Amino acid sequence: MLYSEVVMDHFMNPRNVGTMDDADAVGEVGNAKCGDIMRIYLKINNDIIEDVKFETFGCGSAIASSSMATEMIKGKPLSDALNLTNKAVTEALDGLPAHKIHCSVLAEGAIKAAIKDYYDKNGIEYDKNMFKEVDHEHAH
Amino acid sequence: MKVYADNAATTKMSKTAIDAMLPYMENVFGNPSSLYTIGQAAAEAVYSARETIAKNLGCATNEIYFTSGGSEADNQAIRSAAEIGAKRNKKHIISTTFEHHAVLHTLKKLEKEGFEVTLLDVHENGIVTPEQVDEAIRPDTCLVTIMYANNEIGTIQPIKEIGAVCRAKKVTFHTDAVQAAGHLPINVQNENIDMLSLSAHKFHGPKGVGALYVRKGVYISNLIEGGAQERGKRGGTENVPGMMGAAAALNEAVANLEETNARLVKLRDRLIEGLLEIPHSILNGDREKRLPGNVNICFEGIEGESLLLLLDSKGISASSGSACTSGSLDPSHVLLAIGRPHEIAHGSLRLSLSDENTEEQVEYIISEVPKVVEYLRNMSPVWRDLQEGKKNYVIQ
């Protein structure tokens with residue numbers, strides 16, 4: 001099989017899929033031209049991610065990576081979410097094929113983009129270097 | 001329900017093909033180059049297989065060379081024409097933008113070796129015209145190579161007319177007929193074809209066997225050096241069971257061609273009609289001039305690989321031209337060649353039917369695909385933006 005059982009489970013039964021009308025932050029990475037876009041919605045209270053939703057246009061591993069990444073940050077402090085790496089997402093998915101690793105990079109990027117949006121909206125200062133990876137070119 | 005609808009990728013072997021092969025594995029296992037009885041019996045089998053293939057293409061027995069498949073036949077045809085062209089200082093080759101990679105990648109390599117390649121536009125309908133070929137031919141053109149029918153969108157090219165143009169200008173004409181052999185009536189004489197590639201597993205024969213037709217008088221070189229097999233043009237002990245399976249499969253496919261196609265066209269048309277009911281979907285390739293079993297449709301706002309995985313979970317085997325199914329970041333070069341934008345090409349679905357498919361299966365596909373498309377659209381940020389009017393639909 002191309003994908004692990006965990007990937008297939010998260011693809012067939014994605015967690016946290018959908019939108020959020022009262023989101024405190026939204027992050028999006030990717031490009032339809034390249035065949036994948038991820039959008040992450042966050043509900044944040046006292047620096048804790050109370051709820052998270054995602055929408056993804058992309059392949060099986062992109063959807064599974066989005067689902068797993070949202071599970072990994074739900075209920076966690078923003079500082080934990082900022083430290084989420086694509087490697088951790090890939091490991092939690094029990095691995096991805098080599099040419100699909102960029103999907104997990106996108107998931108990491110989408111979360112960082114959402115947190116950056118939260119900081120920007122609320123005038124919270126941050127080190128700009130933290131978000132230098134939030135662009136699709138890098139993800140590929 | 002199980003529905004295998006990826007017959008352009010490969011087909012299930014027919015009982016006829018399997019039965020034709022078995023004796024050459026179990027009993028007549030001799031090497032055709034050997035002198036003793038079972039060797040010579042195998043040699044006779046190879047001759048009969050060659051004869052059968054020749055008969056079904058309308059050529060002479062000694063104009064057929066067996067290969068390992070379509071890709072090898074394409075490589076050998078193009079390399080041979082290039083080799084002879086280079087000797088005559090003719091280093092220009094004409095082809096199209098939507099050929100199979102066995103052709104395109106060989107041409108890429110030849111470009112690095114100093115050849116000039118002109119790739120003709122195939123227009124939105126996926127068909128190149130004889131006039132385009134005529135205009136592109138130069139005094140230094142050594143080869144025109146144009147596929148008979150496209151493997152992704154199924155469009156059928158005006159081969160006979162293109163062949164006539166090449167014949168008139170004395171340029172060698174090769175056609176990659178991997179998707180056409182056994183599916184469309186072919187006569188290499190009437191259609192002015194100098195070289196033709198075919199592959200047995202596309203018409204219910206075995207994998208690993210193909211053939212290259214080379215008109216008498218047209219030069220070919222060998223890719224594989226070795227013994228005297230294939231009249232010295234391809235060394236290596238013959239795949240006798242494979243050749244027998246290929247011949248039996250082609251013979252059967254050609255014998256039933258009219259009947260099969262009459263049925264397939266109905267199934268195909270019902271499938272196209274049913275799937276185009278899905279909003280913001282579009283058929284890829286000419287509506288009429290396409291292979292009897294080919295359906296290729298783009299759905300806006302979704303990506304093809306996830307579509308295939310979900311269809312597989314419903315028992316439907318299909319194919320897509322999305323980047324993620326190709327292992328690269330670009331979607332199908334064929335869909336780009338007919339002018340589909342990248343984001344649309346990612347959302348393509350190819351269903352290729354064979355005589356094994358039934359009306360019930362087609363109705364099942366028509367009932368399942370819309371559900372899967374809707375499910376994926378509901379989780380797609382691209383679709384949301386289209387629905388909310390933030391972006392304009394590409395497919396109306």
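Below, chains carry the letters A, B, ... as their sequence lines are ordered, and counting in each starts from 1. No experiment lies behind these values; they were computed from the predicted model shown.
B/M379 approaches A/P14 most closely through the heavy-atom pair CE-CG, 3.8 Å. For the residue pair B/Y375 and A/F11, the shortest heavy atom distance occurs at OH-O, 4.2 Å. Among all heavy-atom pairs drawn from A/I63 and B/S306, the shortest one is CD1-CB, 4.0 Å. Nearest heavy atom pair, residue A/A32 against residue B/H346, reads O-CD2, 3.3 Å.
Under a cut-off of 6.0 angstrom, the local environment of CD in A/E5 is sparse, with at most 12 non-hydrogen atoms contributed by other residues, nucleotides or ligands. Within a 6.0 Å radius of CD in A/E50, more than 12 heavy atoms belonging to other residues, nucleotides or ligands are found. At most 12 non-hydrogen atoms from other residues, nucleotides or ligands lie less than 6.0 angstrom from CD of B/E124. Other residues, nucleotides and ligands contribute at most 12 non-hydrogen atoms within 6.0 Å of the CG atom of A/N46. Heavy-atom contacts from other residues, nucleotides or ligands closer than 6.0 Å to NZ of B/K109 number 12 or fewer. The neighbour count for B/N392 CG, taken as heavy atoms of other residues, nucleotides or ligands under 6.0 Å away, does not exceed 12.
No other option in B/E343, B/R377, B/H342, B/R384 has as many heavy-atom pairs under 4.5 Å with chain A as B/R384.
Between A/K33 and B/D330 no salt bridge is recorded (no basic side-chain N to carboxylate O distance below 4.0 Å). For the pair B/E305 and A/K100, the salt-bridge criterion is met [side-chain N within less than 4.0 Å of a carboxylate O].
For the atom pair CG of B/L309 and OG of A/S61, the computed distance is 9.0 Å after rounding to the nearest 0.5 Å.
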* To do: Could you go through the side chain to side chain contact (heavy atoms under 4.5 Å, CB included) check for A/V17 and B/N378 one step at a time?
  => CA-CA 9 Å; A/V17 66; B/N378 281 336; over 6 Å; no
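In this structure, chain B has heavy atoms under 4.5 Å from both the backbone and the side chain of A/I37. Proximity to chain A involves both the backbone and the side chain of B/L310, based on heavy atoms less than 4.5 angstrom apart. Of the two parts of A/S66, neither the backbone nor the side chain holds a non-hydrogen atom closer than 4.5 Å to a non-hydrogen atom of chain B.
When side chains are defined from C-beta on, B/D385 does not count as touching A/E55, because their heavy atoms never get closer than 4.5 Å.
The main-chain N or O of A/F57 is never found under 3.5 Å from a side-chain atom of B/S380 such that the two would form a donor-acceptor pair.
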